[in-house]
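Report on the structure given below.
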Amino acid sequence: MKGRLWTSVYLAVLVWPLPGFLSRSPSAAEVALVAAGLVCFAALYLRVVWTALDRPHGNATPYALVLLYAAAAGLAPALGELWVFAASFFLITALAAALPERAMPAGAALTVGGVALALPLLGASLADSWWIPLQAAVFAGAMRAFLALSAANRALSRANAEVERLAVDNERLRFARDMHDILGHSLAVMTLKSQLAGRLLTADPARAAAEIGDVEELSRQALSDVRDAIAGYRELSLPDELDGARRALAAAGVPVEVSAEPVPAEVEPVLAWVVREGATNVVRHSRARRCRIGLGTAGGEAYVEVTDDGRGSAPGDGGTGLRGLAERVELAGGTLHGGPAEHGGFRLHARVPLPARPHREDAVPRARPPAKGSP
């Protein structure tokens, strides 16, 4: 609506040549013919431009464009060089709106050439009226630049929309990955502890009650973890995940040996995710009898390794957790490898570059390793 309003307002320029025409005392018939010609020119111009607002650069009204040029030429003898000057702006605008962008320079060149040719035919000296075709050429160049800028803005808008779409998709993937990593671990441990409590209900009620208490604690922690993930600031604690791995593996009846050396605080959250996913895979998929978790630094990198003596196959969930874990490690600049161990079982190994010039206070040991061979 706004575009149609502006294109209509600019038609007021067409009255500019009329005072010169009326000063020659034309007959009533001539006035009527000129008035009709101006109305036709304005109607044809609006037809071309308004159609192009809906279908830009498609030349949906070729006959209207041709008739527009014919009307401009027909009015030139009566209205003179001022008409040629004023009409050139409307003709170039109609070309820019209706023709494909690649055809616009050729159409504008022909229009400027027509203006330069019309002036001598109307009795004007081209030496005196040279500014008229120059103005038309300058306006054509400005219109061309405007079209290029509009095309660039449209491309930028499409790119921004694509960036926003990708950002939404990435956030969905992050959320799905967090839900898998957080709830997969917690629910697996809760299932094991619930089963254990069911078996101990009559044989050892006190132990069964303790296991049920652990299930309640785990459920509360899982709810807190989900809230943290939704808030977007989820960051795991490495000591907490080592303790959680011990409890989960103990509930599954898998003795675990933890060997934890100090690592910088900056890399702890990434390593904590590896510990969580590794312990979850051992509990859910490995059928292992023993598990080992190694943690430390070597060669300018922090590493964590989770190995077991189980089946040595990939996780049964199709590796969804490992794929999400690999993305986390790669974002930290590290690498993740998961596959059969050398002497049987499954091995999950991650390495993450150490931060530049780590401070000693960042590398204090915060894990609490238990005695070897004890859950």
Side-chain angles (χ1 to χ4, degrees), residues 177-178 180-182 184-186 188-189 225 234-250 252 254-286 288 290-310 312 314-315 319-356 358 362-375:
R177 181 185 63 198
D178 283 0
H180 175 277
D181 294 347
I182 294 169
H185 173 82
S186 300
V189 178
D225 290 345
R234 173 66 184 160
E235 190 171 273
L236 298 185
S237 165
L238 182 56
D240 289 346
E241 290 307 315
L242 288 172
D243 288 343
R246 294 188 191 101
R247 291 196 301 269
L249 292 166
V254 181
V256 58
E257 175 186 343
V258 178
S259 175
E261 299 177 4
V263 296
E266 292 89 342
V267 299
E268 281 195 3
V270 179
L271 302 183
W273 281 110
V274 179
V275 171
R276 168 173 283 210
E277 182 64 24
T280 301
N281 287 337
V282 173
V283 170
R284 296 176 62 186
H285 309 298
S286 70
R290 299 189 66 83
C291 175
R292 182 182 183 279
I293 301 175
L295 180 71
T297 59
E301 295 179 313
Y303 69 86
V304 62
E305 182 176 88
V306 182
T307 57
D308 63 68
D309 60 355
T320 302
L322 292 184
R323 286 195 296 271
L325 184 62
E327 293 175 4
R328 292 183 188 276
V329 175
E330 288 171 3
L331 286 175
T335 57
L336 178 74
H337 300 285
E342 182 178 356
H343 301 292
F346 192 80
R347 174 178 178 267
L348 184 65
H349 183 86
R351 304 187 74 88
V352 179
L354 293 175
D362 291 337
V364 296
R366 298 199 291 163
R368 298 187 293 276
K372 291 188 176 182
S374 61

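Although no hydrogens or angles enter the test, the distance criterion places a donor-acceptor pair under 3.5 Å between the side chain of Arg351 and the main chain of Ala298. With hydrogens and angles ignored, the 3.5 Å screen pairs no side-chain donor or acceptor of Asp309 with any backbone N or O of Ala288.
Heavy-atom minimum distance, Ala248 versus Val283: O-CG2, 3.9 Å. Looking at every heavy atom in both residues, Ala260 comes nearest to Leu242 through CB-CD1, 4.4 Å. Contact record, Glu241 with Val275: O-CG1, 3.8 Å, taken as the closest heavy-atom pair. For the residue pair Ala332 and Val352, the shortest heavy atom distance occurs at O-CG1, 3.9 Å. Contact record, Leu271 with Ala302: CD1-CB, 4.0 Å, taken as the closest heavy-atom pair. When all heavy atoms are compared, the tightest approach of Val329 to Leu336 is CG1-N, 4.2 Å.
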Under the side chain to side chain contact (heavy atoms under 4.5 Å, CB included) rule, what do Asn281 and Leu322 come out as? Steps first, then yes or no, please. CA-CA 9 Å; Asn281 287 337; Leu322 292 184; 3.6 Å; yes
Between Val267 and Thr297, does the side chain to side chain contact (heavy atoms under 4.5 Å, CB included) criterion hold? Intermediate values first, please. CA-CA 11 Å; Val267 299; Thr297 59; over 6 Å; no
Derivation and outcome, side chain to side chain contact (heavy atoms under 4.5 Å, CB included), residues Leu348 and Val274: CA-CA 8 Å; Leu348 184 65; Val274 179; 4.1 Å; yes
Would you sort out whether Glu268 and Ser237 count as a side chain to side chain contact (heavy atoms under 4.5 Å, CB included), showing the intermediate values? CA-CA 7 Å; Glu268 281 195 3; Ser237 165; 5.6 Å; no
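A salt bridge links Arg347 with Glu305: the distance from a Lys NZ or Arg NE/NH1/NH2 to an Asp or Glu carboxylate oxygen falls below 4.0 Å.
Note that OG1 of Thr307 is 11.5 Å distant from CD of Glu342, once rounded to the nearest 0.5 Å. Considering CG of Asp308 and SG of Cys291, their distance stands at 6.0 Å, rounded to 0.5 Å. The distance from atom CZ of Arg276 to atom CG of Leu238, rounded to the nearest 0.5 Å, is 12.0 Å. Note that the CZ atom of Arg323 and the CD atom of Glu277 stand 11.0 Å from one another [nearest 0.5 Å].
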